[in-house]
Amino acid sequence: MAGPSPIPVWKQPDGKPVSCLEKIKVLNQNLEEIRQLCADAYEDAVLMGCDPDQIRAVFRELIESIEAPYSDRK
């Protein structure tokens, strides 16, 4: 599996970058936790004989199904 993805520039809905360092720190920590959890789940599934392409597709579908609870943006 490839190494970690580059850290994104976090953006607000208007496209401006998030400038609060504490917010950026939390977002980056959350991203790393998600990456590690997905890597662990992916490894488990592969070791149990699942199709790697299906695992990735299921992860993508999961992410696409998440809705923002505090936003009216879709």
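Heads up: numbering here begins at 1 and tracks the sequence.
At a threshold of 4.5 Å between non-hydrogen side-chain atoms, the residues Leu31 and Ile7 do not count as touching. Using a 4.5 Å heavy-atom threshold, the side chains of Val18 and Lys11 count as separate. At a threshold of 4.5 Å between non-hydrogen side-chain atoms, the residues Glu33 and Leu37 do not count as touching.
Arg35 CZ to Asp40 CG: the interatomic distance, rounded to the nearest 0.5 Å, is 8.5 Å. Of the inter-residue distances, the one linking Met48 atom CE with Ile55 atom CD1 reads 8.5 Å to the nearest 0.5 angstrom. In this structure, CZ in Arg56 is found 10.5 Å from SG in Cys38, a value given to the nearest 0.5 Å. Note that CG of Leu27 and CH2 of Trp10 are 5.0 Å apart. Values are rounded to the nearest 0.5 Å.
Linking ILVMFWY residues whenever their side-chain heavy atoms come closer than 4.5 Å, directly or via other members, leaves Val58 and Tyr42 in distinct clusters.
Across every non-hydrogen atom of Ala41 and Phe59, the tightest pair is CB-CZ, 3.9 Å. Here the closest heavy-atom approach between residue Arg60 and residue Asp53 is recorded as NH2-O, 4.5 Å.
At most 12 non-hydrogen atoms from other residues, nucleotides or ligands lie less than 6.0 angstrom from CD of Glu64. Other residues, nucleotides and ligands place no more than 12 heavy atoms under 6.0 Å from the CG atom of Leu21. Gln54 CD: 12 or fewer foreign heavy atoms inside a 6.0 Å radius.
Judged by distance alone, the side chains of Glu32 and Asn28 never bring a donor and an acceptor atom under 3.5 Å apart.
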